[in-house]
Amino acid sequence: MGEPKLLKGSAMAQAIREVVVREVDALKAKAIHPTLAFVYPDGDGGAISYAESQSRSCGKVGIGYRACPLENPTQVTLLETIRVLKEDPEVTGILLHQPWPKTVDELAARLRIGASHDVEGMDPAALGLLALGAPAQVPCTAAAALEMLKASGAPLAGRDLVIVGRSPAVGRALALLLLKDRQAPTITICHTATADLAAHTRRADLLVVAAGSAGLVTGDMVKDGVVVVDVGTNVIAAPDGTDTLTGDVDFASVAARAAAITPVPGGVGPVTAALLLRNVVICARQLLLD
């Protein structure tokens, strides 16, 4: 195989953000100011870093941003925080950190957010509509993975697509997104209990890996000409204290056999972040119809 097509997300993310800017300006002209609130446990280093990054992203497209850290969060304080945010007319979308302490019922929190402020596409009603093939707010990472598959230029109809990972936000949601299309590929979902994972991945024409396991898929587990979308984001700590971000695919060995592949970082991630901003606009736009 020659060099694979490298599916970078930066240009696609920029195109999405340009549309978002125009839509934000149109909403502001109608006195609606899209604003995202991020609720997370105070002291969580990863969440704090994400909040800072998200604040910058929102600022670049004209979306307001609120960081809402909760000290020693409980079920009561989390639900009350969400209630207050939903009643605030300036807040048009709510983003919930993951994961939370085991003492917190995340599903109850998502139900409290409701479809009106759900920027992640994880409200049960939205997922139900997606399962029925109806228009719905779509989980950002699943939507980004689909955009990457399309960007590869490979046909989807009649192909075998294998998804490694069954999370509602990625694996299951992506399968439902693909099945909405009459020209959908044949889809197999693998997971931690799948026997002989390599037997499934080797027959994939299209492979999406979202298992949260660094280097899970290696070159001997794929066939020549495969299109690979790596959704994994794993932080590997080095002895010198530096961290490296890597995917679920062993990039060098898989790229040697792939027709197209996403890098980590720089592949699915930027598109996911841009689609989250688009979802904030969708929630804000709904206010015009209510």
| CE on Met221 to NE2 on His200, rounded to 0.5 Å | 10.5 Å

| field | Heavy-atom side-chain proximity of Ile187 to Ile163 below 4.5 angstrom | value | yes

| Salt bridge check: are Glu120 and Arg110 linked by an N-O gap of less than 4.0 Å? | yes

| query | Below 4.5 Å, heavy atoms only, C-beta onward: do Leu6 and Ile261 meet side chain to side chain? | reply | yes

| said: Let me confirm one number: the CD1-CG distance from Ile16 to Leu277, rounded to the nearest 0.5 Å. | reply: 9.0 Å

| request: Give a yes or no answer on whether the side chain of Asn234 reaches the backbone of Gly247 with a donor-acceptor pair at less than 3.5 Å. | output: yes

| said: I need the minimum non-hydrogen distance between Leu207 and Val222, along with the two atoms involved. | reply: CD2-CG1, 3.7 Å

| Which atom pair, heavy atoms only, marks the closest approach of Phe251 to Pro263? | CE1-CA, 4.0 Å

| said: Can you classify the ring geometry of His97 versus Phe38 as parallel (below 30°), tilted (30 to 60°) or perpendicular (above 60°)? | reply: perpendicular

| request: Among Thr201, Thr194, Asp248, Val249, find the one that has a side chain to side chain contact (heavy atoms under 4.5 Å, CB included) with Val164. | output: Thr201

| If you round to the nearest 0.5 Å, how far is CG of Leu178 from CG of Leu149? | 6.5 Å

| Lys86 side-chain N/O to Ile113 backbone N/O, donor-acceptor pair under 3.5 Å | yes

| Between CE of Met148 and OG1 of Thr262, what distance do you get to the nearest 0.5 Å? | 6.5 Å

| query | Should Pro73 and Trp100 count as side-chain neighbours, where that means a heavy-atom distance under 4.5 Å? | reply | yes

| Arg22/Glu18 ion pair, N-O < 4.0 Å | no

| said: Please determine whether the number of non-hydrogen atoms from other residues, nucleotides or ligands lying under 6.0 Å from atom NZ of Lys223 exceeds 12. | reply: yes

| Basic-acidic side-chain contact under 4.0 Å: Arg257, Asp220 | no

| query | Got a second to check how far Asp224's CG is from Arg202's CZ, nearest 0.5 Å? | reply | 12.5 Å

| side chain to side chain contact (heavy atoms under 4.5 Å, CB included) between Thr186 and Leu161: does it pass, once the steps are laid out? | CA-CA 6 Å; Thr186 298; Leu161 185 147; over 6 Å; no

| query | With a 4.5 Å limit on heavy-atom distance, are the side chains of Cys283 and Gln137 in contact? | reply | yes

| request: Ignoring hydrogens and angles, tell me if any N or O in the side chain of Asp205 forms a donor-acceptor pair with the backbone of Asp160 under 3.5 Å. | output: yes

| request: Answer yes if Leu96 and Val170 sit in the same cluster of Ile, Leu, Val, Met, Phe, Trp and Tyr residues linked by side chain heavy atoms under 4.5 Å apart, and no otherwise. | output: no

| field | Donor-acceptor contact below 3.5 Å, side chain His117 vs main chain Ile82 | value | no

| message | Please check: side-chain N/O of Thr272 versus main-chain N/O of Val268, any donor-acceptor pairing under 3.5 Å? | response | yes

| message | When you compare the side chain of Leu95 with that of Tyr50, does any pair of heavy atoms fall below 4.5 Å? | response | yes

| After noting the C-alpha distance and the side-chain angles of Leu130 and Lys180, does the key distance pass the side chain to side chain contact (heavy atoms under 4.5 Å, CB included) rule? | CA-CA 8 Å; Leu130 184 60; Lys180 289 174 64 176; 3.9 Å; yes

| message | A side-chain contact here means heavy atoms from C-beta on lying under 4.5 Å apart; do Thr244 and Val235 qualify? | response | no

| Between Arg285 and Thr92, a side-chain donor and acceptor under 3.5 Å | no

| note | Closest heavy-atom pair, Leu78 versus Ala109, reported as atoms and distance to 0.1 Å, is CD2-CB, 3.8 Å

| Pairwise side-chain contact, Asn279 with Ile282, heavy-atom cut-off 4.5 Å (strictly under) | yes

| task | Take Ser57 and Arg17, measure what side chain to side chain donor-acceptor pair (under 3.5 Å) needs, and give me the verdict at the end. | result | CA-CA 9 Å; Ser57 296; Arg17 287 192 296 269; over 6 Å; no

| said: Walk me through whether Val209 and Val229 qualify under side chain to side chain contact (heavy atoms under 4.5 Å, CB included). | reply: CA-CA 6 Å; Val209 190; Val229 175; over 6 Å; no

| field | Cationic N near anionic O, under 4.0 Å, Arg83 to Glu87 | value | yes

| said: Is there a path of hydrophobic side-chain contacts, each under 4.5 Å between heavy atoms, that joins Leu70 and Ile94? | reply: yes

| said: To the nearest 0.5 Å, what is the distance between CZ on Arg112 and CG on Leu79? | reply: 4.5 Å

| query | Under 4.5 Å between side-chain heavy atoms, hopping through other hydrophobics if needed: is there a path connecting Leu206 to Met12? | reply | yes

| query | Do Arg172 side-chain atoms and Ser167 backbone N/O form a donor-acceptor pair below 3.5 Å? | reply | no

| Side-chain heavy-atom pair Val217, Asp250 within 4.5 angstrom cut-off | no

| task | Please confirm whether the backbone N or O of Thr77 pairs with a side-chain atom of Thr74, one donor and one acceptor, at under 3.5 Å? | result | yes

